[in-house]
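In what follows, a single structure is set out as structure tokens and then discussed.
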Amino acid sequence: MHKSTATPTRPSGRTLGLSLALVSAFAFGGSGTAAKPLIEAGLSPLHVVWLRVTGAAVALLPIAYRHRSAVLRRPGLLLGFGLLAVAGVQACYFAAISRIPVGVALLIEYLGPPLLIGYVKFVQRKPISRGAAIGAAVAVAGLACVVEVWNGLSFDALGVLFGLGAACCQVGYFVLADAGRRGERPVDPMAVSAYGLLIGAVVLTALTRPWEADWSPLGGNVVMNGHSLPAFVPAVWMVLVATVLAYLTGVVAVGHLSPPVAGVVANLEAVVATVLAWILLGEHLGLPQLAGGLLVLAGAFAAQASKPADAAPEPVVVPAVETRERVAAERAVSGRPSRTSRGD
């Protein structure tokens, strides 16, 4: 009998990936709670997005400089991540909410994980675990309850199209984050995040023209759930936690988890956003939203607890020297001639 030479799966890597994915979801989930007081103070939503992305890009400039060789190794990857995972998601989402209810736009955007599963299975032709597929379906059903999609549901073809665009860009986030660590010229996840945000900031600058905005509200106070605090507090939180920390941990997490599993876990962002809005902004939750949150949690748990889909086993190549030595030993014991080669 010969012992299997397969390398055992390291649970520590999966545990680390799940932990980072949860941190990323919680960090992303706080972006809306931090942005809303700034918008209510007088900043436009697009300028708040520009502040978020540009501030994060500036904070990550040292990382971008340290990994500047990545620009020559994988320029297309970095450009795609900046256009899709940063600028594309933000621009499409805000274009969607200008035409359809926020809850509907959020639900359409978070169709990203099911679309990601379809992309991996039918385009990349890779196996998908049953748990990831079931988890995605359960999470989407839960999201429909969290955002109470039945309230104010209206159909606007262009708005829905923008929402689907945000979902497709979200797929690009996970696919490109996973592609960065593969191939002959892998790129550090930190570099992917830093240059993605830098490129996204350049694109959003051209779209939003921040020099025309009135930034004076940042020097005053904002109100959160009846309490007044300096405007720079939610602004700094939005930049450093909801963007820098969120992108860095999210991209690294995809390297330890499969993109479909990381995508389903990312659905927790909507639950976190709703709960934080309840605690910090006084936006109370109803029974359907609580039930939806539990469904999203159940879907994320089903996805991350599933075993990886079985892949085709790789053939074990036995060195020729080892084969000849084994054959010679068998001949010495049995006395039978060997027929393993033409020379024997």
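The figures that follow rest on heavy atoms only: side chains count, while hydrogens, waters and symmetry mates do not. We're numbering straight along the sequence, starting at 1.
Side-chain contact between T249 and S19 is absent, with no heavy atoms from C-beta onward closer than 4.5 Å. Inter-residue side-chain proximity for F162 and L158 is flagged as met; some heavy-atom pair is nearer than 4.5 Å. For the pair L77/V187, a side-chain contact is recorded, criterion being any heavy-atom separation below 4.5 Å from C-beta on.
V89 and L204 end up in different hydrophobic clusters when Ile, Leu, Val, Met, Phe, Trp and Tyr side chains are linked at under 4.5 Å. By the rule that hydrophobic residues join a cluster once side-chain heavy atoms approach within less than 4.5 Å of another member, V233 and M224 end up as members of one cluster. Note: the hydrophobic cluster containing Y195 does not contain V202 (ILVMFWY, side chain heavy atoms under 4.5 Å, direct or indirect links). The hydrophobic cluster containing V236 also contains I39, counting ILVMFWY residues as joined when their side-chain heavy atoms lie under 4.5 angstrom apart, directly or transitively. Under the 4.5 Å side-chain heavy-atom criterion for Ile, Leu, Val, Met, Phe, Trp and Tyr, L84 and V123 are members of the same hydrophobic cluster.
No donor-acceptor pair closer than 3.5 Å links the side chain of R73 to the backbone N or O of R185. H67 places no side-chain N or O within 3.5 Å of a backbone atom of D188 that could act as its donor or acceptor partner. S31 contributes no side-chain N or O that, together with a main-chain N or O of A27, makes up a donor-acceptor pair within less than 3.5 Å.
Remark: aromatic rings of W215 and W50 are close, center separation under 6.0 Å.
Heavy-atom minimum distance, G200 versus V53: C-CG1, 4.0 Å. Shortest non-hydrogen contact noted between Y173 and A246 is OH-O, 4.3 Å. Taking each heavy atom of A59 and V244 in turn, the nearest pair found is CB-CG2, 4.1 Å. Between V239 and A56, the shortest heavy-atom distance links the atoms CG1-N, 3.4 Å. Annotation for R74 and G180: closest pair NH1-O, 3.9 Å, computed over non-hydrogen atoms. Here the closest heavy-atom approach between residue G80 and residue L176 is recorded as C-CD1, 3.4 Å.
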Exercise. When you look at M190 and L248, which way does the side-chain contact (heavy atoms from CB on, under 4.5 Å) test go after all the steps?
Worked result: CA-CA 6 Å; M190 300 290 184; L248 290 179; 3.5 Å; yes
Exercise. Is there a side-chain contact (heavy atoms from CB on, under 4.5 Å) between V254 and L20 once you walk through the steps?
Worked result: CA-CA 9 Å; V254 177; L20 292 174; over 6 Å; no
Problem set entry | Check against side-chain contact (heavy atoms from CB on, under 4.5 Å), L38 and V222 | CA-CA 7 Å; L38 299 175; V222 296; 4.2 Å; yes
For this session: I would like to know whether M238 and L51 meet side-chain contact (heavy atoms from CB on, under 4.5 Å); could you show each step before the answer?
Result: CA-CA 9 Å; M238 180 180 63; L51 175 65; 4.1 Å; yes
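Here CZ of R209 is found 11.0 Å from CG of L46. Values are rounded to the nearest 0.5 Å. Distance check, rounded to the nearest 0.5 Å: CZ of R68 to CD1 of I63 gives 14.0 Å. Note that CG of L60 and CG of L198 are 9.5 Å apart. Values are rounded to the nearest 0.5 Å. Taken to the nearest 0.5 Å, the CG atom of L207 stands 12.0 Å off from the CD atom of Q90. To the nearest 0.5 Å, the span separating NE2 on H47 from CG on L218 amounts to 11.5 Å.
Grouping Ile, Leu, Val, Met, Phe, Trp and Tyr residues whose side-chain heavy atoms lie under 4.5 Å apart, directly or via other members, places W237 in a hydrophobic cluster with V23, V241, L245.
Between F81 and Y247, the angle of the ring planes goes over 60°, which puts this pair in the perpendicular group of the 30/60° scheme.
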